[in-house]
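Note that these values count all heavy atoms, side chains included, but never hydrogens, waters or copies made by symmetry. First the proteins, then the strands, lettered A, B, ... as listed; each starts at 1. Just so it is clear, the model here is predicted, and its values are computed rather than measured.
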Protein chains: 4
Amino acid sequence: MKKLAILGATGLVGQRFVQLLSGHPFFEISVLAASDNSSGKKYGQAVHWHLETPVLDKVKEMVVRDCRSDFEADYVLSALPSDVAGPIEEELASAGYIVFSNAANHRLDQNVPIVVPEINLDHLNLIQSQQTKGKIITNPNCSTTGLVMALKPIMDRFGLEEIKVVTMQAVSGAGYPGVASLDIVDNIIPYIKNEEEKIVNESKKILGKLKEGYIDPASFSLEAQCNRVPVVDGHLLSVFVKTSERVALDKVIKAFEDFAPLGGHKLPAAPERPVIYWPDMEAPQPRLHRNSGGGMSVSIGRLVKVAEKQIRFVALVHNTIRGAAGCALLNAEAYDLLMG
Amino acid sequence: MKKLAILGATGLVGQRFVQLLSGHPFFEISVLAASDNSSGKKYGQAVHWHLETPVLDKVKEMVVRDCRSDFEADYVLSALPSDVAGPIEEELASAGYIVFSNAANHRLDQNVPIVVPEINLDHLNLIQSQQTKGKIITNPNCSTTGLVMALKPIMDRFGLEEIKVVTMQAVSGAGYPGVASLDIVDNIIPYIKNEEEKIVNESKKILGKLKEGYIDPASFSLEAQCNRVPVVDGHLLSVFVKTSERVALDKVIKAFEDFAPLGGHKLPAAPERPVIYWPDMEAPQPRLHRNSGGGMSVSIGRLVKVAEKQIRFVALVHNTIRGAAGCALLNAEAYDLLMG
Amino acid sequence: MKKLAILGATGLVGQRFVQLLSGHPFFEISVLAASDNSSGKKYGQAVHWHLETPVLDKVKEMVVRDCRSDFEADYVLSALPSDVAGPIEEELASAGYIVFSNAANHRLDQNVPIVVPEINLDHLNLIQSQQTKGKIITNPNCSTTGLVMALKPIMDRFGLEEIKVVTMQAVSGAGYPGVASLDIVDNIIPYIKNEEEKIVNESKKILGKLKEGYIDPASFSLEAQCNRVPVVDGHLLSVFVKTSERVALDKVIKAFEDFAPLGGHKLPAAPERPVIYWPDMEAPQPRLHRNSGGGMSVSIGRLVKVAEKQIRFVALVHNTIRGAAGCALLNAEAYDLLMG
Amino acid sequence: MKKLAILGATGLVGQRFVQLLSGHPFFEISVLAASDNSSGKKYGQAVHWHLETPVLDKVKEMVVRDCRSDFEADYVLSALPSDVAGPIEEELASAGYIVFSNAANHRLDQNVPIVVPEINLDHLNLIQSQQTKGKIITNPNCSTTGLVMALKPIMDRFGLEEIKVVTMQAVSGAGYPGVASLDIVDNIIPYIKNEEEKIVNESKKILGKLKEGYIDPASFSLEAQCNRVPVVDGHLLSVFVKTSERVALDKVIKAFEDFAPLGGHKLPAAPERPVIYWPDMEAPQPRLHRNSGGGMSVSIGRLVKVAEKQIRFVALVHNTIRGAAGCALLNAEAYDLLMG
């Protein structure tokens, strides 16, 4: 069993790491680290647990420690908040750790890949240009993950010219305490700080091409408008796409359904169907479809052909699983298989 | 005082008519009509009241009658559901009544105008081509109303080429009982029957040009994707616009703020500011801004310039006031002033 | 494998039956029956699925049939609505079927037991006084189930004199479409038809004593006030209890924790811990604790001693699992073990 | 016009003060004071406004100052949070100001009255035992206010022996940011810190008797269990009452409807009907009835006679109007009339 340290273990994404690693076939949690408020306490006491499944008793008994870099761990999963993640992750990389980070701090660094294994597993090789003994590998922002999973099969088959996306994002995406209830009961907030920029920059990098020591970003135009909605988990995206080639809906559907680029590799966190197309007019819905594929599948619906080279559709991603902890874990599994 | 008959008086839009007419300076309710379930009962007993302000006692005591065409009324306001509105409204027009209808049935009829007084008051003249003694004048679908109010100032100043809109629509838009709670608590439904078609067709007609006996629809391209969200009142629209001319944000804001085409006419239901621009990053929000201008103002925010001829923004419309009863009432006021 | 027919299979409780029977060690679904609207269709087309886990493909393919009494089935699970359940269930009992019913119609019949296996398994014997070849065995109303599970350990140890309970009930308790969203978003409805009477009558019968051919109801006084709240699943109950004997909180907690009357019998649907006491001040909460024990455990918290013979606490029950389909299934398992 | 200083003016209760004082016949706002974060800024910039009606422009332009005691004001309304209110209010009283406080800090001080004008206006005289030049007058906790308004008419007519109350409290009661959305969407929290104690202690004091220099608390027994629910405004209370005398429902209803103890005094903030009884089975509901009497009336429904000397009912109070700012303002109006 490989040993994993979880940083930011008491936060929402940290809790998902703990949940997803329960019963993992070749990873086990060796370290739970968090801020000084929590360090020294048992995890069961330090954590304000928010998930519907309970914490395992043995994990509850583990003592939370600080985030300084002397972990007994093969890999580090970082769910640190972005106001502290940057220097801690750098220090860990310098100290020789392989860090799988959900934080935004290093995503746009030239040498750091943003990886979604089904999309750009080859970008992992970018870490060879990192000068440190250890390495940093990031996964995208939660809404970005849903978008690129939906776009990749279309890009491969028809090319992408112009994308406009409107997001309707769940409150868990803002962490805890995050969004105040007074701001969201019977309400929507049409703004999420930095989110629109992240979607644009990260999507272009993920869907870009690996070059010598950097990623050449994709050249399509992309615009996003982000909204916070009163939903617990699951970001819904309304996506308008202009393609390079003529599209036919049956071929788009086939592209979604055939999308299984990891088929050869057996990764425990990988869903059987990374992208699921739902023909029902009222699908996908956050409450009904967010847990598809254990929260790791992206659901697509409302697919409409608008013009010869234009389609639109709706996509749903579980923001704290596929959009955060699950993707980082999948990155760790992929690294372990290919480079570990 | 002119006498008004309200059809469909017990429904959600009917209740708004009753609310908005309380204390009206020159209209009074003479008839409350509804389906046979309700007719014969006192309004206070027949109605399942959903609004936060109470019904006036004298209205509660009025006896609800059926919708057959022998009303003692100068004008008829119709909030009938579309499965019955069509023939009833035709019969009333034949019988000589001026019908202001919120129902979709006749909106796309060649001779019937869809009027939002601030936008296309001149379309009222289309009724002269109706062969009946009475006339039918419609107001748009709720989300359409918000969209065209936001687009009109831009169209007049910069021209419109291509519009994409994503709506996040309140549950009151579906009437009562409407959306089941099990479908919307902790959820979004990415589909509203017929809504996307209505937005496209009605917007082009409203923003089109009055010709001899018909409306020549506007020529921009328009696409909509509609979602139901867990909000009581207030439809939020995320709008992407390509203009014909180069845009500058300060001029767009000025166009919104200067938009007061009824300035000369004093109509009681008309808000002082039909379109309000909110500079705050987190505005507009349904709960905070839907009642602006008594629910008759459309709120705009998150205005961004994307390219030389591209902008995007968010718009909010109170769906049962400006988007339904309030607009029909404003149409009645405008007709009464100009043609009554 | 014993064959089970599910009646009312397309409704919310019927869906839970389908979900809970997936992978059952000795029961399999042989018949899915529903109203004439659904009969003849494949289950996957007939059902408007509301649960977060998907329907198995083989169940989707089963053809739904009507509810007439010629099933190939060892047992019948009835999730029929109460407006049709009565005569259909009687006919089935006459035709020789053992019917496990979630409907209220026969619960208060003298010869019909209301069974919660952990509480009153001996009441099963009451069916011997039923004159039909088949038999009817009911489970309680959803909120009643939570209440009696919480009261039984207290009654056994300290006796019960007077109980007052206020319920905060989830929308799924009203079925589908059930509660209109306009009635419950940003709102509470302080009334649920017939619910208060059911809690009183059913609780006294379940906690009563089996006599020759009838149940002698428990003699404590009991009052309930029921509210509908904007929660998807999970009824929360605030309970005030006057006991016959002096209480000590540690003994009450021990009574909850030791409560395992089925310990000897191995029933697949039975949770390891039927009643779970949570010491955390903010527990139990519907979203976090409703799925405890697979939705079959009742969670208790906020336990306070008020006076020598008075306590109060909060209880949570998953209304469509322990409070409906899960309890009926547990009854079928218990019957099969003991009498089958 | 008397001049009023508002302390804690940017908070939720402070915003209600600002809203309620707009257009007041004999009070005007002279000072808006808040924490050092806000002081020096214009109110329009300092406040995160949460109410559906907009702030007046002239109030937006006022500069917020700190809470030190050199106000140009006849009265001080304090909406300070309890972690800072205590010493600031004492200092103001020492400096000669009459302070109407919504904070809990001094409510249980022997010399400080908790006043709800309709209930215990005579308790105002307790301030004469305060040794300071200025005085402190408090209003109750939000849920307590609803409870005592409902109990007072019953106590006067039938006497009170034993009361049990379960509250379902809106999120605005916790201030801003207050309750995290992740804790309350699709959820209930069965605990509110210090709330149960406040209800018990404050209710007994308010319904107690004024003696020489202290209040002799009422002698009934009272128990409360408090829950936070996903509602914006409006606390709902389920109340079980044992009376001293036999009750008859028609007399209870009459007691509620006749309850108008301020009848003689004309106070602008006083509602025409302090307690409204709603006979409809589904009333009162937070969204529909919280604004009754401008948010100053308490609504009662679901009245049931349980036994000769037992009733139960549901009560609704607007927590930030009658339960906070509105009650403090009413106290100021009453003081001004009687002692000012």
Side-chain angles (χ1 to χ4, degrees), chain C residues 162 164-171 182-193 196 200 221-240 242 278 280-290 299-302 304 306-307 310-316, chain D residues 162 164-171 182-193 196 200 221-240 242 278 280-290 299-302 304 306-307 310-316:
Chain C
E162 185 183 304
K164 295 184 194 306
V165 58
V166 173
T167 69
M168 290 159 273
Q169 302 187 215
V171 294
L182 210 59
D183 281 332
I184 207 71
V185 175
D186 183 23
N187 206 21
I188 297 175
I189 308 174
Y191 177 66
I192 301 174
K193 201 178 174 188
E196 296 166 0
V200 171
S221 87
L222 171 55
E223 242 187 298
Q225 196 273 314
C226 296
N227 302 282
R228 187 72 68 193
V229 295
V231 164
V232 175
D233 287 316
H235 291 354
L236 196 68
L237 289 73
S238 181
V239 189
F240 299 86
K242 291 188 181 169
W278 300 87
D280 173 11
M281 286 299 276
E282 301 201 338
Q285 296 177 22
R287 199 170 69 75
L288 295 186
H289 301 101
R290 60 193 170 202
S299 287
I300 309 274
R302 297 298 328 278
V304 175
V306 179
Q310 284 191 50
I311 57 171
R312 70 168 188 267
F313 58 85
V314 163
L316 173 75
Chain D
E162 185 183 305
K164 295 183 193 308
V165 59
V166 173
T167 69
M168 290 160 273
Q169 301 187 215
V171 295
L182 209 60
D183 282 331
I184 207 70
V185 175
D186 183 23
N187 206 21
I188 297 175
I189 307 174
Y191 177 66
I192 301 174
K193 200 176 172 187
E196 296 166 0
V200 171
S221 87
L222 171 54
E223 244 187 295
Q225 197 273 315
C226 295
N227 302 283
R228 185 74 66 193
V229 296
V231 165
V232 175
D233 287 316
H235 292 353
L236 196 68
L237 289 73
S238 181
V239 189
F240 299 86
K242 290 188 182 169
W278 301 87
D280 173 10
M281 285 300 275
E282 302 202 337
Q285 296 176 23
R287 198 170 69 77
L288 295 186
H289 302 102
R290 60 191 170 203
S299 287
I300 309 274
R302 295 301 324 281
V304 175
V306 179
Q310 284 191 50
I311 56 171
R312 69 167 189 268
F313 58 85
V314 163
L316 174 74

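- At a 4.5 Å heavy-atom cutoff, the contact between Val232(C) and chain D is made by backbone and side-chain atoms alike.
- Between Val231(C) and Asn187(D) the shortest heavy-atom distance is CG2-N, 3.7 Å.
- For Asn227(C), the part sitting under 4.5 Å from any heavy atom of chain D is the side chain, from C-beta outward, and nothing else.
- Counting heavy atoms from C-beta outward, Pro190(D) and Leu236(C) have side chains that approach closer than 4.5 Å.
- In this structure, the portion of Val165(D) lying under 4.5 Å from any heavy atom of chain C is its backbone and not its side chain.
- Of the atoms belonging to Ala170(C), not a single heavy atom falls under 4.5 Å from chain D.
- With a threshold of 4.5 angstrom between heavy atoms, Val185(C) approaches chain D through N, CA, C or O but not through any side-chain atom.
- Asp280(D) places none of its side-chain heavy atoms less than 4.5 Å from the side chain of Tyr191(C).
- Arg312(C) places no side-chain N or O within donor-acceptor distance of the main-chain N or O of Glu223(D), the cut-off being under 3.5 Å.
- Rounding to the nearest 0.5 Å places CG of Leu288(D) at 10.0 Å from CG of Asp186(C).
- There is no contact between Arg228(C) and chain D, counting heavy-atom distances below 4.5 Å.
- Residues Arg302(C) and Cys226(D) share a closest heavy-atom pair of NH1-O, 4.3 Å.
- A pairwise comparison of heavy atoms in Val166(C) and Ser238(D) identifies CG2-OG, 3.3 Å as the closest pair.
- One finds the OG atom of Ser221(C) at 7.0 Å from the CD atom of Gln310(D) (value rounded to the nearest 0.5 Å).
- With rounding to the nearest 0.5 Å, the separation of CD in Gln225(D) from CZ in Phe240(C) is 6.5 Å.
- Among the candidates Arg290(C), Lys193(C), Gln285(C), the residue making the largest number of heavy-atom pairs closer than 4.5 Å to chain D is Gln285(C).
- A donor-acceptor distance shorter than 3.5 angstrom exists from the side chain of Arg287(D) to the backbone of Leu182(C), with no hydrogens or angles considered.
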